[in-house]
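Notes for the one structure printed next.
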Protein chains: 2
Amino acid sequence: MANIHDVARVAGVSISTVSYALSGKRPIGEKTRLRIDEAVRELDYMPNAAGRMLAGTRTRIFALTAPLRSDTYAPAHMAFVLAVVTAARAFDYDVLLLTEDEAVDGLRRVSSSRLVDGIIVLDVSVEDERADLVRSLGVPAALIGVPGDAAGLVCVDLDFEAAAALAVDRLVDAGHASVALLGHPSAVYERGSNFPVRFRDGFLARAAERGVAASFSMVEKDAPEIRQAVSAILDAHPAVTGLVVHAEEGVHTTILEAVAGRGLSIPADLSVIAGVPTFDTSSFTPPLDVIPLIPADSCVRAVELAVQQLEGPIEPRVELVAPKYRDHGSVAAPRPGG
Amino acid sequence: MANIHDVARVAGVSISTVSYALSGKRPIGEKTRLRIDEAVRELDYMPNAAGRMLAGTRTRIFALTAPLRSDTYAPAHMAFVLAVVTAARAFDYDVLLLTEDEAVDGLRRVSSSRLVDGIIVLDVSVEDERADLVRSLGVPAALIGVPGDAAGLVCVDLDFEAAAALAVDRLVDAGHASVALLGHPSAVYERGSNFPVRFRDGFLARAAERGVAASFSMVEKDAPEIRQAVSAILDAHPAVTGLVVHAEEGVHTTILEAVAGRGLSIPADLSVIAGVPTFDTSSFTPPLDVIPLIPADSCVRAVELAVQQLEGPIEPRVELVAPKYRDHGSVAAPRPGG
DNA sequence: CTGAAAGCGCTTACAG
DNA sequence: CTGAAAGCGCTTACAG
C-alpha cells in the first residue's frame, strides 16, 4: 500500500507538497499538481486515516448514539439513522454507531480516546442520561429531539407545536368549527419523548386561539379500542367535522376503516389530517393530508450544527424545524348543514 | 487531555512500560503496575485512538455495510445491525456504518485508507456488487447472507433448508401426512435474497424424503388475497393438516384470522408452524410454534470469522447456522378421522 | 522487569 | 510556489 512518501518520490516533489496538493490548503503549480495527480493515480494512493487523524486536528468521524431498542418504531428509527449518515457524508464525515447497551460508556470511550470529533444523539427521551453526559463531555454534539433539560445543549427537532397549529389552521381555514385530535396511547404521554405532548398542546392552544371547539382523546393500539375511540369522539362531539390523527401507522388505517364503517366519507363528511408521521399516508384509503416528520430535515441541520462546533463552541439552542403541509385531498369545507 | 508521557512522568516510568502495562503484553512488576494504575486514574488517561491505530496494526473498527433501504423490513434490519454492533463490541471493536448510497465507494474508501480492519456485509442479495468488491479488496470480511456467487467469500447464514426440514419433521413426527407451505409473494422468489427459495426447496425436499404430500403457495400481502390463498389451499388439498408459514408478520395474523374464520381451530384441526420470522409469534392468537431467525446467531459468528481473519486469511466458506425450534403449542397430532 | 529509541503516515508552521 | 523538519501519541523490536 503506497504512502505519501511513495507519491512524493514518483512525482519528484516533497511530501508536504503532496499533502498540500491533496488538501488544497495552499496553491500548487500547474505542472506540479499534474505530476502529483498522475502519481496518485499510478500508485492508487489513498491517505492513511490514522496518520491523518494523528497529525491533523480531526478524525472525520462522528459518533451516532441510537438505541436501536426493539420497542422503538423501527422504520422511523432506520430512516433517521440513514439521514444522519447521509448528512454526515456530505461533510465528508463517517459515522460510528453506538447502541443502547453502550450509550454512556461508549460515548465516554470514543470521545476520551478522540476517536470521534463529535456526537449526534438520536431518539432523545425526556430523562436522557446521554443529555447529561454530552453536557459534561464538552464535546461538539447535537441532539435530534429535545430532552427535559435542554440547558447548555444544541438540539434540533421538528416544531411539533407549529405542526399541530398548522393542522388546526388548515381545518379552520376550510371552515371547520369543531375539531378533534386522536392521539397516542396514554402511556406515551406519560413517559418517553415529549413531542406527543408538544403536539397536543399546540393543537389545543391553536384551536383556542382560533376560537373553535377542540377535543383530545388518547387511543390505545388494539383495533376494538380504536373503533371505540372513534365512536366515542364522534358521538360525544357530533359537531366535529375535522380530525387530526397523531398515532402509529396501523392505528390510522383502523381509524379510517372505523370512519368508513360509520358511513362517513372523507372529506365530504369528515376532514382528516395525519400529524407528523414518518410513514406514507398517500396510499391510505383515502389518501390523507399530512404534516410529515421528515428525518432529513432535522438530521441535516443537526449535522450542520455539529460541524459548526468543530471550529469552537456555539450558542446552546433548541432549533425547531418548520413543519410542511402536504395536500392529498382529505380536507374540504364542512357540509353546509354542519 | 493527558497523554502517555504524562502518565509515564507521574508514575515515574518510561512510556513503553505504561504501554505494556495497559496492553498486558508483557509482565509488569507489582508496584510499577500500581503506580501506573494510580497515574492513569489521577489523570483520567485514555489512550489516543489515532496514535494507537498508527503505531499498532489495528484500528479496532469494522465497517458495517447495511443498505437501510426503506423497502427492507425495518425491525429485522435494525435487529441485525444491533446484533453486529453488540458482537463487535465483545471483541472491543467499534462499527462504522456505511449505507446504501455509498455501499461500494464507501467500502473502497474505508478499506483503502485503512480506517477499518474488516467488513461485515448485511442484507446480502443474490446479485450483490458488494460481494464482488469484497472479493477484490482482499480485506477481512464476513457476509451475513449468501450471494449468488459465494466463491472466495466467508458467509454466515441461517440454514434455511434445515429450518424448513425441521418444520416438516415436526409435523410428520406428530402424525401429519399432508403439509402445505404458505410463502412470500412471488416477486420475492424472483429477485432479492435467495433464502425464501432455500426455505421452499428445503420444505419440498424433506416432505418428499418423508413421503408426505406437500404443496406450496405464494401469498401476496393484501388481506383479501391472503384469505383467498388460505381458502384455495385448504379447498384444493382437503387432506392438509399441517401448515408452515414463511411470510411477513401481518400476513401471519391475517392467515390466522382466515383459519379461524373457516371454523378451524389450532392445533386441533390444523397444526401451524411459523418459519424463520424475526418477530415474536408467541403473542399471536393462538401463539405459534416457530423456527426463528435469530440475528445474534449469525452476527456473532460473522464477527468471529472477521476477527479470525485479522491474523491472516482463512478458508472461504458458507457457514450455515443450525435452526432452533420453539414450541408454543400450535402443533398436535391430526384428528383421528383425518 | 524496564527503558531508550525508532517508526507508523500524515499535517503544518517555519523558512526560503 | 516549494521543501526540510518537527511533531501528533502511540507500539514494539532491541537492549540490558
Side-chain angles (χ1 to χ4, degrees), chain A residues 1-37 39-40 43-61 92 109-117 310-311, chain B residues 1-37 39-40 43-61 92 109-117 310-311:
Chain A
M1 194 122 270
N3 65 21
I4 197 172
H5 289 97
D6 299 323
V7 176
R9 186 166 17 77
V10 169
V13 297
S14 73
I15 63 162
S16 61
T17 300
V18 174
S19 177
Y20 283 119
L22 294 180
S23 69
K25 287 190 182 172
R26 78 178 182 193
I28 302 292
E30 180 62 17
K31 43 188 63 159
T32 307
R33 136 155 302 124
L34 286 175
R35 286 214 312 284
I36 292 174
D37 288 350
V40 164
L43 297 170
D44 197 21
Y45 171 69
M46 174 140 266
N48 178 286
R52 235 174 173 172
M53 286 185 204
L54 189 55
T57 56
R58 304 282 156 80
T59 66
R60 307 214 73 89
I61 303 176
D92 205 25
R109 178 172 53 77
V110 298
S111 60
S112 300
S113 68
R114 316 255 81 152
L115 216 201
V116 305
D117 293 337
L310 300 173
E311 313 291 337
Chain B
M1 194 125 270
N3 67 21
I4 198 172
H5 289 97
D6 299 323
V7 176
R9 186 165 20 77
V10 169
V13 297
S14 71
I15 63 161
S16 60
T17 300
V18 173
S19 178
Y20 283 119
L22 293 179
S23 70
K25 287 190 181 171
R26 79 180 184 193
I28 302 292
E30 180 62 16
K31 43 187 64 162
T32 306
R33 137 155 301 126
L34 286 175
R35 287 213 311 283
I36 292 174
D37 287 352
V40 165
L43 298 169
D44 196 20
Y45 171 68
M46 174 140 266
N48 177 286
R52 234 175 173 170
M53 287 185 202
L54 188 55
T57 57
R58 303 282 157 78
T59 67
R60 308 213 74 88
I61 301 176
D92 205 25
R109 178 172 53 79
V110 299
S111 61
S112 301
S113 67
R114 316 254 80 153
L115 216 200
V116 305
D117 293 336
L310 299 173
E311 313 291 337

Under the rule of Watson-Crick or G-U wobble with both distances under 3.5 Å, where | means paired to another strand and [ ] a crossing pair, DNA chain D maps to |||.||||||||.|||

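- Looking at A:Arg35, its side chain never comes within 3.5 Å of a backbone N or O of A:Val13 through a donor-acceptor pair.
- The CZ atom of B:Arg35 sits 13 Å away from the C1' atom of C:dG3 (whole-angstrom rounding).
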B/S/- contact track for nucleotides 11-16 of chain D, protein heavy atom under 4.0 Å: BBBB--

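- Atom-to-atom, CE of B:Met46 to P of D:dC10 comes out at 11 Å; the value is rounded to the nearest Å.
- The nearest whole Å value for the distance from the CG atom in A:Leu54 to the C1' atom in D:dG7 is 9 Å.
- The two atoms that bring B:Met46 and A:Ser112 nearest to each other are SD-CB, 3.5 Å, heavy atoms only.
- One interatomic measurement links the two molecules: CG of A:Leu115 to P of D:dG9, which rounds to 15 Å at whole-angstrom precision.
- Side-chain atoms of B:Thr59 never come within 3.5 Å of backbone atoms of B:Met53 as a donor-acceptor pair (strictly under, hydrogens ignored).
- In this structure, CG of A:Asn48 is placed 11 Å from P of C:dC8, rounded to the nearest angstrom.
- When atom types are taken as modelled, the side chain of A:Arg52 and the backbone of B:Ser113 share no donor-acceptor pair closer than 3.5 angstrom.
- Counting to the nearest Å, the P atom of C:dT2 and the CG atom of B:Leu34 are 11 Å from each other.
- At distances below 3.5 Å, at least one donor-acceptor pair connects side-chain atoms of B:Arg60 with backbone N or O atoms of B:Asp92.
- In this structure, the separation between CG on B:Asn48 and CG on B:Asn3 is 8.5 Å, given to the nearest 0.5 Å.
- For A:Val13, whose side chain is taken as the heavy atoms from C-beta onward, the closest listed nucleotide among D:dG3, C:dC1, D:dC10 is D:dG3.
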